[in-house]
Amino acid sequence: ITLIRLDGFNHNGPGGYLDDERHCPDGRSHLDCTLDTVLDLIRVRRAKKLPFVLSPHEVRQLLPHIRRPAARLAAVMMYSCGLRLKEGTHLQVSDIDSQRMCIRIEQGKGQKDRHVPLSPRCLQQLRHYWHRYRPPVWLFPGHPQDRPMSRYGASWIYRKAKTKAHINKAGGIHILR
């Protein structure tokens with residue numbers, strides 16, 4: 001690491017560099033401007049690549065290889081509603097609003113709540129699933145039943161189904177989103 005000499009700053013007095021009152025044109029201190037310039041020069045920027053996504057045909061190939069009904073419906077929900085992994089596995093029965101045709105997502109990314117639209121076909125599958133299995137709290141219960149399906153379990157089921165469906169695209173369960 002190379003030390004940077006900041007010309008014009010009083011480094012001898014108490015508090016050193018922090019006592020100087022110089023400012024940049026945008027109102028920030030001169031020290032902040034200088035550090036930003038240095039950090040911009042040494043920061044390595046990553047190339048931005050587009051994510052892989054599954055085509056509708058590939059999703060139709062994948063779903064029959066997911067045997068567990070809860071996991072299959074969770075995958076359908078993540079794909080059709082654009083849910084993140086945690087959002088899809090942590091859905092509660094009370095989060096489904098069939099009157100307004102939406103799903104309430106609580107504490108999603110950035111600890112933010114949001115509503116996502118629910119398609120009529122997805123609602124029909126949810127109703128069929130609910131009438132057959134009657135999950136008490138979690139829409140997709142894990143083991144034990146009083147906990148939601150784990151992220152690791154859902155990812156493992158997805159990878160296994162992807163292998164059986166002969167889908168060779170890179171990426172985990174998030175490419176359903």
With side chains defined as the heavy atoms from C-beta onward, is the minimum distance between [X] and [Y] less than 4.5 Å?
X	Y	result
H115	I103	no
P64	K164	no
S150	T89	no
P148	F140	no
L62	I167	yes
C102	P117	no
E106	R104	yes
V59	V76	no

Qualifying salt bridge (Lys or Arg N to Asp or Glu O under 4.0 Å) pairs with a residue from residues 52-73, counting only residues at least two apart or across chains: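 Found E58-K169.
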
Can you establish whether the number of heavy atoms outside [X] located under 6.0 Å from its atom [atom1] is more than 12?
X	atom1	answer
R121	CZ	no
R147	CZ	no
R151	CZ	no

Nearest-0.5 Å distance, [atom1] of residue [X] to [atom2] of residue [Y]:
X	Y	atom1	atom2	result
Q61	L54	CD	CG	9.5 Å
M78	E87	CE	CD	10.5 Å
L118	S98	CG	OG	8.5 Å
R127	C122	CZ	SG	12.0 Å

According to a 4.5 Å side-chain heavy-atom criterion applied to Ile, Leu, Val, Met, Phe, Trp and Tyr, with indirect links allowed, do [X] and [Y] form part of one hydrophobic cluster?
X	Y	value
I66	Y152	no
L91	M101	yes
M77	Y133	yes
W130	L73	yes

What are the two closest heavy atoms between Y129 and P141, and how far apart are they?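 Closest heavy-atom pair between Y129 and P141: OH-CD, 3.8 Å.
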
Exam field: side chain H90 to backbone K86, donor-acceptor pair closer than 3.5 Å: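 Judged by distance alone, yes, a pair lies under 3.5 Å.
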
Cluster partners of W138, using ILVMFWY side-chain heavy atoms under 4.5 angstrom, listed by chain and number?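 Members alongside W138: V137.
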
Partner set under salt bridge (Lys or Arg N to Asp or Glu O under 4.0 Å) for D146, not counting sequence neighbours: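 Partners of D146 by the salt bridge (Lys or Arg N to Asp or Glu O under 4.0 Å) criterion come out as none, since no residue qualifies.
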
